[in-house]
**Q** 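The following block contains the structure, expressed as structure tokens.
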There are 2 protein chains.
Amino acid sequence: MGTEKPHPKSVEALLGTLRAHGFRVTPQRVAICAVLAGMQIHPTAYDVYDAVRRERSDISLATVYTALKALTRAGAILDLHTAANNSTHYELDTRPHVNFFCTRTGRVDNIAAASVGALKQAIELDGRTVSDMRILVYGTTDDADRQSPHDS
Amino acid sequence: MGTEKPHPKSVEALLGTLRAHGFRVTPQRVAICAVLAGMQIHPTAYDVYDAVRRERSDISLATVYTALKALTRAGAILDLHTAANNSTHYELDTRPHVNFFCTRTGRVDNIAAASVGALKQAIELDGRTVSDMRILVYGTTDDADRQSPHDS
DNA sequence: ATGCATGCAAACTCTTTGCAAACGC
DNA sequence: GCGTTTGCAAAGAGTTTGCATGCAT
């Protein structure tokens with residue numbers, strides 16, 4: 001039933017995963033992982049760049065992209081494409097769960113639904129092996145103010 | 001349990017949905033919808049452009065984008081972002097289901113899993129309204145030849 | 001007749017790449 | 001020391017937009 005989630009990954013865990021996969025740990029990557037570990041939502045590459053830039057004004061956006069790709073390849077994070085935005089959002093929680101996009105507030109929530117496991121099992125019973133699931137659900141949360149259905 | 005699906009939408013249905021939402025039906029859009037209705041897989045905008053160009057060599061890629069956006073806004077198709085590709089793929093089957101991306105063959109299959117409905121219900125019980133679900137699953141089908149896990 | 005749709009090209013956004021210098025292992 | 005990583009800038013891919021013309025309603 002819970003909606004909010006605490007930071008699922010620590011700086012050390014992120015860096016450790018990088019190292020374990022043969023990627024190098026640079027001061028830039030330490031700063032990037034620190035920012036990632038402190039982020040509550042699903043940041044884009046530019047979000048990360050913008051946050052890291054406050055400490056290290058010399059950081060390059062290309063470096064952020066490289067680091068995020070390394071983290072993705074190491075399995076420490078997931079890249080998340082949405083239909084609402086052209087840019088990739090990154091996900092720190094690598095366990096199967098539901099990403100809920102509220103079309104009214106623009107928020108992205110993580111939902112831990114029990115049915116996700118059942119879904120995975122059903123697919124694997126059908127002669128497949130699942131390595132990764134991305135469940136994107138669009139809709140609204142019922143408690144906020146109403147807004148008339150979009151027209152244009 | 002079924003994996004393959006026949007064309008879920010006819011040209012007439014696509015054009016009718018456009019018309020019902022106040023969009024105009026032009027010869028270009030007829031050609032675009034005809035191509036969409038005949039497609040087995042999930043085409044990109046360029047795939048559609050390339051197919052339509054065979055009949056109408058004067059078609060513009062921008063026109064294809066405009067038409068696909070109109071179809072999406074009318075609810076006739078869905079735009080589908082994958083984590084594997086930068087480009088948007090379009091989905092003709094607007095009912096909730098699972099898109100399975102085989103990481104070995106690059107194929108995209110539609111799976112009608114019963115658990116999808118259960119998942120939607122679980123989310124809605126939690127105080128939300130679901131307008132759209134995209135379930136992207138990555139993995140392999142067990143029947144094909146093996147391939148060693150990717151490294152680089 | 002009104003105003004949406006078209007075609008073309010240019011602009012725009014996000015991401016990747018080439019290269020020389022710097023640095024982690 | 002070797003080979004990855006960095007920063008910069010330029011290139012690349014995908015998509016959108018401005019504008020004059022054309023066409024569906």
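Numbers restart at 1 for each chain; the letters A, B, ... are given by sequence-line order, proteins then strands.
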**Q** Let's see if you can work this out: which of C:dT6, C:dT15, D:dT15 has an atom nearest to the side-chain heavy atoms of B:T26?
**A** C:dT6
**Q** Please give, in whole Å, the distance from D:dT25 C1' to B:H21 NE2?
**A** 18 Å
**Q** Using the closest heavy atom to pick a nucleotide of DNA chain C for each, name whichever of B:A70 or A:A62 lands nearer the 5' end.
**A** B:A70
**Q** Are A:T63 and D:dG7 close enough that a side-chain N or O sits under 4.0 Å from OP1 or OP2?
**A** yes
**Q** From CD of A:Q28 over to P of D:dT6, roughly how many Å is that when rounded to an integer?
**A** 5 Å
**Q** So, does B:K9 use its side chain to make a donor-acceptor pair with the main chain of B:L92 at under 3.5 Å?
**A** yes
**Q** Whole Å only: how far is the NZ atom of B:K69 from the C1' atom of D:dT16?
**A** 7 Å
**Q** Measure from the side-chain heavy atoms of B:S60 and tell me the nearest of D:dT6, C:dC8, C:dT15.
**A** C:dC8
**Q** Pick base, sugar-phosphate or nothing for A:Y46, based on heavy-atom distances below 4.0 Å to the nucleic acid.
**A** nothing
**Q** In whole angstroms, how far is the P atom of C:dT6 from the CG atom of B:L68?
**A** 11 Å
**Q** Can you give me the closest heavy-atom contact between B:A76 and B:L14, atom names plus distance?
**A** CB-CD2, 3.9 Å
**Q** Tell me: CD1 of B:I59 to C1' of C:dG7, nearest whole Å?
**A** 10 Å
**Q** What's the CZ-C1' distance between B:R56 and C:dC8, to the nearest Å?
**A** 16 Å
**Q** Is there a side-chain contact between A:S87 and the phosphate of C:dT15, meaning an N or O under 4.0 Å from OP1 or OP2?
**A** no
**Q** Does a nitrogen or oxygen in the side chain of B:Y65 sit under 4.0 Å from OP1 or OP2 of D:dT15?
**A** yes
**Q** Any donor-acceptor pair, under 3.5 Å, between the side chain of A:R24 and the base of C:dC25, if you only look at N and O atoms?
**A** no
**Q** Just the rounded figure in Å: distance from P of D:dT4 to CZ of A:R19.
**A** 18 Å
**Q** Expressed as a whole number of angstroms, how long is the span from B:R29:CZ to D:dT25:P?
**A** 10 Å
**Q** Looking at A:T88, does any N or O in its side chain come under 4.0 Å of the phosphate oxygens OP1/OP2 on C:dT15?
**A** yes
**Q** Any idea which heavy atoms bring A:Y90 and A:T44 closest together, and the distance?
**A** CD1-C, 4.4 Å
**Q** How close do B:M133 and B:K120 get, counting heavy atoms only, and between which atoms?
**A** SD-CB, 3.6 Å
**Q** Could you check A:L61 against B:P27 and say which one's nearest nucleotide on DNA chain D is further toward the 5' end?
**A** A:L61
**Q** Taking only the side-chain heavy atoms of B:D58 (C-beta and beyond), determine which of C:dG7, C:dT17, C:dG3 contains the nearest atom.
**A** C:dG7
**Q** Any cation-pi pair here, B:R73 with B:F23, using under 6.0 Å and within 45°?
**A** no
